[in-house]
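The analysis underlying the following values was restricted to heavy atoms, covering all of them including side chains, and did not include hydrogens, waters or symmetry mates.
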There are 2 protein chains.
Amino acid sequence: MENSTEQVLKKHGLKNTRQRNVVLEEFFKSNNALSQPELEKRLKGEMDRVTLYRILSSFEESGILHSILDRQGTMNYASCNASCSAAHHHDEHLHFNCDNCHKIFCLDVKIPAVNLPAGFQVAQLSLTATGLCDTCS
Amino acid sequence: MENSTEQVLKKHGLKNTRQRNVVLEEFFKSNNALSQPELEKRLKGEMDRVTLYRILSSFEESGILHSILDRQGTMNYASCNASCSAAHHHDEHLHFNCDNCHKIFCLDVKIPAVNLPAGFQVAQLSLTATGLCDTCS
DNA sequence: TTTTATATGCAACTTTGATGCGTTATAATG
DNA sequence: CATTATAACGCATCAAAGTTGCATATAAAA
Ligand SMILES: [Mn+2]
Ligand SMILES: [Mn+2]
Ligand SMILES: [Zn+2]
Ligand SMILES: [Zn+2]
């Protein structure tokens, strides 16, 4: 009987280590994005700082997580939806950064198309909102 | 006879120091945003690293520059338009981050309005595009 | 020209992140 | 189940970005 974090690791072809399961559990428990500093605080004693960095990178590369830069330049991570893979991320949605609780939410809001001046070729768009989240407002 | 950087400093009520004029000249010479590391490289020997940080902060606070976070989390700065002040920045336009030359351009493209889920109150929107700029494409 | 507030330089420190390397543990294979 | 190759981990070390405290220098006002 495998738990769900182990299933996710297997599905993405990653070795089933204690540290990876611990990190993944944090995301399963949270409904918003988690910053690297926050994760480091929560997992102090559980694993080395460097291991956390490497796990986050490998999770992003394999399509388990996607990264979000907040207003202060801090790296945050959130679960990807099921269709994400190493080959392609499908995370072009709005990210909401609450000014009060500082949480970051992935909202199911599509990024509108924009008209750019001639010569500019868009590869990717990112849209971030600041303000008050639904619980803080 | 004052040069234009001195006029800008006076207009914003900032002391006219050699270091501030040197920093401001870099922005007058550039048609794209400048990153902190790039500025530090260019102004090595001209002033202390800490002074540069403090000048950039004061310029942002007084509405001379606005800050832009690029994809790698590096802080960049660009000239504000004439109507910006300490009280309010008017820099809600699209920022284009070229994948090739890595320059950041402030484009005169308004950020479209978006519909958020109930409870979320937007204070500010930021829209960033990556791709190829007009000279690289 | 003096005075005073502000800006600067320098030292020290923190945080975030990267890299090299020896050791440990996973998972495949026999 | 035992062996073994390889990937992951822990630890040490380093670098870049940014902050803070304090003494000194310098604009700008008096
Ligand atoms: Mn997201
Ligand atoms: Mn801009
Ligand atoms: Zn909130
Ligand atoms: Zn370019």
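Within the 4.5 Å cutoff, the side chain of B:I64 has no heavy atoms near those of the B:S79 side chain. When side chains are defined from C-beta on, B:L9 does not count as touching B:T5, because their heavy atoms never get closer than 4.5 Å. Counting only heavy atoms from C-beta outward, the side chains of A:T74 and A:Q36 never approach each other to under 4.5 Å. Between A:H93 and A:K110, every side-chain heavy-atom pair lies at or beyond the 4.5 Å cut-off.
For DNA chain D, the contact window with chain A, defined by any atom under 4.0 Å from a protein heavy atom, covers D:dT6 to D:dA12 in 5' to 3' order.
Shown here for A:F96 and A:G131, the closest heavy-atom pair between the two residues is CZ-C, 3.7 Å. The two residues B:N32 and B:I104 make their nearest non-hydrogen contact at CB-O, 3.2 Å.
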Heavy-atom protein contacts under 4.0 Å, nucleotides 5-18 of chain C, coded B base, S sugar-phosphate only, - none: BBSBBBB----BBB
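Partners of B:T17 according to the side-chain contact (heavy atoms from CB on, under 4.5 Å) rule, which considers only residues two or more places apart in sequence or in another chain, are B:K15, B:Q19, B:R20.
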